Amino acid sequence: GQQLNQSPQSMFIQEGEDVSMNCTSSSIFNTWLWYKQDPGEGPVLLIALYKAGELTSNGRLTAQFGITRKDSFLNISASIPSDVGIYFCAGQPSAASKLTFGTGTRLQVTL
Amino acid sequence: DVKVTQSSRYLVKRTGEKVFLECVQDMDHENMFWYRQDPGLGLRLIYFSYDVKMKEKGDIPEGYSVSREKKERFSLILESASTNQTSMYLCASSFGGLGNTIYFGEGSWLTVV
């Protein structure tokens, strides 16, 4: 099946710092999604990307659909304590395919 | 807002028991999914359904079955629970094509002792 490599696995940052994480697939994807999971809750959609090169923002979050269509990036600017959680990427190679999820990036923010 | 509701947030069951996890969505979504989440392994698809009474195996269907008698409801069944099925279970739903945005429930924490 499809494989998604998400990195880093975990991050410990200080409040106010910027964060970057990425996801790489073994094949070309036509959709990339980024989810956040708060502790003890289900994942919630942050950003959806449908076009190579697309750059989309949601508040302090910005995600990009890589030009090669094999990767995607998520940046968080000026992190705050409520950014704590697990961030998942998800992608699919075609509209008829199931979504494949990355293994997640666990973000910890210290004051 | 999309609402996916999982009936039980926390369950403790004994080895060998039959376990039912229930999920209901209120957005008339065609697709429904059951995932399992374990540390370091991410989200793994157990089963999914794209229509009433239809079901498809995901990546890790062994030890599980599902039931979709109504469009809004998708049940995950553990016929004989085992300790290695201790996990967080997430139900999700989406419109139409399988790659459309998936909306998740809050999760059910199952402990098998």
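Keep in mind that this is a model prediction, so the values were computed, not measured. What's counted below: heavy atoms across the whole structure, side chains too, no hydrogens, waters or symmetry copies.
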Visitor: Show, in sequence, the C-alpha distance, side-chain angles and deciding distance for B/Y103 and A/V44, and conclude whether the side chain to side chain contact (heavy atoms under 4.5 Å, CB included) test is met.
Guide: CA-CA 7 Å; B/Y103 297 90; A/V44 174; over 6 Å; no
Visitor: Counting only heavy atoms closer than 4.5 Å, note whether A/Q37 contacts chain B via side chain, backbone, both or neither.
Guide: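 Contact with chain B: side chain only.
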Visitor: Between A/G91, A/G104, A/G42, A/P43, which has the largest tally of heavy atom pairs under 4.5 Å with chain B?
Guide: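 The candidate making the most pairs under 4.5 Å is A/P43.
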Visitor: Using heavy-atom distances under 4.5 Å, tell me whether A/Q9 contacts chain B through its side chain, its backbone, both, or neither.
Guide: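 For A/Q9, no heavy atom lies under 4.5 Å from chain B.
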Visitor: Are side-chain heavy atoms of A/F101 and B/Q37 found at a separation under 4.5 Å?
Guide: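 Result no, sub-4.5 Å side-chain heavy-atom pair not found.
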Visitor: When hydrophobic residues are tied together by side-chain contacts of less than 4.5 Å, even through go-betweens, does B/Y64 share a cluster with B/Y35?
Guide: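 The answer is no; the residues belong to distinct hydrophobic clusters.
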Visitor: How many angstroms lie between atom OG1 of A/T103 and atom CG of B/D38, to the nearest 0.5 angstrom?
Guide: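 These two atoms lie 12.5 Å from each other.
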Visitor: Is there a path of hydrophobic side-chain contacts, each under 4.5 Å between heavy atoms of I/L/V/M/F/W/Y residues, joining B/M32 to A/Y35?
Guide: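 Hydrophobic grouping puts A/Y35 apart from B/M32.
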Visitor: So, do A/L99 and B/I102 sit near enough that their side-chain heavy atoms are less than 4.5 Å apart?
Guide: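 In contact.
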Visitor: Using the rule that two of Ile, Leu, Val, Met, Phe, Trp, Tyr join whenever any of their side-chain heavy atoms come within less than 4.5 Å, decide whether A/M11 and A/L74 are in one cluster.
Guide: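 They do share one cluster, since a chain of ILVMFWY contacts under 4.5 Å joins A/M11 to A/L74.
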Visitor: Counting only heavy atoms closer than 4.5 Å, note whether B/R9 contacts chain A via side chain, backbone, both or neither.
Guide: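 Side chain only.
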Visitor: Do you reckon B/L76 sits in the same ILVMFWY cluster as B/L45, going by side-chain contacts under 4.5 Å, direct or chained?
Guide: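 Result: no, two separate clusters.
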Visitor: Take atom CZ in A/R106; do more than 12 heavy atoms of anything else shown fall under 6.0 Å from it?
Guide: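 Open: at most 12 neighbouring heavy atoms sit under 6.0 Å from CZ of A/R106.
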Visitor: Hydrophobic clusters here meaning ILVMFWY residues chained together by side-chain heavy-atom distances under 4.5 Å, can you tell me if B/I46 and B/L43 are in one?
Guide: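 Different hydrophobic clusters.
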